[in-house]
There are 2 protein chains.
Amino acid sequence: MSDSFFKAIADANRRKILLLLKKHITLTPGEIGQHFEFSGAALSEHLKILRTAELIYAQKRGQYIYYSLNTSVFEDIISWIMQVIDKSEVQDEKTR
Amino acid sequence: MSDSFFKAIADANRRKILLLLKKHITLTPGEIGQHFEFSGAALSEHLKILRTAELIYAQKRGQYIYYSLNTSVFEDIISWIMQVIDKSEVQDEKTR
DNA sequence: CAGGTATTTAACTAAATACCTAAATACTGG
DNA sequence: CCAGTATTTAGGTATTTAGTTAAATACCTG
């Protein structure tokens, strides 16, 4: 299901990218890369993982690509957390 | 910081364990294992990861160990999500 | 269109993860 | 204390992941 979501946010660098995008609204890979030590290729991989999980989206304008947050997808994890912690919603299933 | 939390929930089997514990309040590894195909040793590893992330806690009573959810830790991820999606709370930091 | 900048893809390596089986540990009941 | 049950630890393997460098692609400007 939303496995790609959980995998995507399991990495601290990717979480940092999300926070950068939150702060700056829109950034190119070049700008994001200034905040990290690793290569542009590694960054590109991280962006692909975030794109696949639909946590960010890209808009190409000329020479640059502008990345932004796609906050709507975070609802997935909120609903998952609610499912785990909400004591009122207890399903009764005898999975045995 | 709470890296262990994100790593712990990145695995679908571990998320399933959390949901099982939510449903049944308290379970032994043996009971949890009935819901999975893999070995008891593999399960034990998953439980250790969840314990380390403080998502569950264990109480030993005689021959058995009873695992339960520790829902309080989920506040961490909720506050992280809020940090990412909440547009009002925009810090201004020139990290360059 | 040639050179330059921005980004991604390819091919690879090293480290981490998820699993296995077998052995070790911890407890219970006869 | 011995045999049995429950769980964890140890040691090993296969797969995945995060990074590397080098090459490819895409666009811009002169």
Side-chain angles (χ1 to χ4, degrees), chain A residues 1-21 24-70 77 95-96, chain B residues 1-21 24-70 96:
Chain A
M1 193 200 107
S2 56
D3 198 69
S4 64
F5 175 91
F6 290 100
K7 293 271 196 239
I9 63 167
D11 182 88
N13 287 325
R14 288 193 290 268
R15 292 198 300 277
K16 185 174 167 186
I17 293 171
L18 294 174
L19 288 174
L20 286 170
L21 285 174
H24 299 285
I25 316 301
T26 278
L27 290 171
T28 64
E31 292 169 323
I32 295 170
Q34 295 175 333
H35 297 266
F36 296 96
E37 304 278 278
F38 50 69
S39 69
L43 174 63
S44 185
E45 272 303 310
H46 284 309
L47 292 174
K48 179 150 79 179
I49 289 165
L50 291 170
R51 248 187 286 121
T52 302
E54 295 181 86
L55 287 168
I56 60 175
Y57 56 90
Q59 276 176 291
K60 195 161 199 168
R61 276 208 306 275
Q63 197 172 182
Y64 297 95
I65 295 177
Y66 295 93
Y67 277 99
S68 318
L69 268 188
N70 178 13
I77 200 179
T95 321
R96 176 171 299 222
Chain B
M1 197 200 103
S2 56
D3 198 67
S4 65
F5 175 91
F6 290 101
K7 294 272 195 238
I9 63 167
D11 183 87
N13 286 326
R14 287 193 292 268
R15 291 199 301 277
K16 186 174 167 187
I17 292 172
L18 293 174
L19 288 174
L20 287 169
L21 285 175
H24 299 286
I25 317 300
T26 278
L27 291 171
T28 64
E31 291 169 326
I32 295 170
Q34 294 175 337
H35 297 267
F36 295 95
E37 305 278 278
F38 50 68
S39 70
L43 174 62
S44 184
E45 273 302 311
H46 284 309
L47 292 174
K48 179 150 76 179
I49 289 165
L50 291 171
R51 247 187 288 122
T52 302
E54 295 181 87
L55 286 168
I56 61 176
Y57 56 90
Q59 276 176 291
K60 195 161 196 165
R61 275 208 307 276
Q63 195 170 180
Y64 298 95
I65 294 178
Y66 295 93
Y67 277 99
S68 318
L69 268 188
N70 178 16
R96 179 173 294 223

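Reminder, nothing fancy here: chain letters follow the sequence lines and each chain counts from 1.
Rounded to whole angstrom, the span from the CG atom of A:Asp11 across to the P atom of D:dT17 amounts to 11 Å. Going from atom CD of B:Glu37 over to atom P of C:dA18 covers 18 Å, rounded to whole Å. Atom P of nucleotide D:dA6 and atom NZ of B:Lys60 are separated by 14 Å, given to the nearest angstrom. Rounded to whole Å, the distance from CD1 on B:Ile9 to P on C:dT17 is 15 Å. The interatomic distance linking B:Leu50 (CG) with C:dT17 (P) rounds to 14 Å, in whole Å. Atom pair A:Asn13:CG and D:dT17:P shows a separation of 16 Å (rounding to whole Å applied).
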What is the per-nucleotide protein-contact pattern of nucleotides 1-15 of chain C, from the 5' end, where B denotes a base atom under 4.0 Å from a protein heavy atom, S denotes such proximity for sugar-phosphate atoms only, and - denotes neither?
-> ----BSSBB------
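Using a 4.0 Å cut-off, some side-chain N or O of B:Ser39 falls inside it from OP1 or OP2 of C:dC20. Residue A:His46 places no side-chain N or O under 4.0 Å from the OP1 or OP2 atom of D:dT17.
Residue contacts shown for B:Arg61 are absent, as no nucleic acid heavy atom lies under 4.0 Å away.
Within the 3.5 Å criterion, the main-chain N or O of B:Ile9 finds no donor-acceptor partner in the side chain of B:Arg14. With A:Lys7 contributing its side chain and A:Ile49 its backbone, the two residues share no donor-acceptor pair below 3.5 Å. A donor-acceptor pair is defined here as one N or O able to donate and one able to accept, closer than 3.5 Å; such a pair exists between the side chain of A:Asn70 and the backbone of A:Glu54.
Within the 4.5 Å cutoff, the side chain of A:Phe38 has heavy atoms near those of the A:His46 side chain. For the pair B:Asp11 and A:Phe6, the minimum side-chain heavy-atom distance is 4.5 Å or more.
Under the 3.5 Å distance criterion, with hydrogens and angles disregarded, no donor-acceptor pair is assigned to the side chains of A:Ser4 and A:Thr52.
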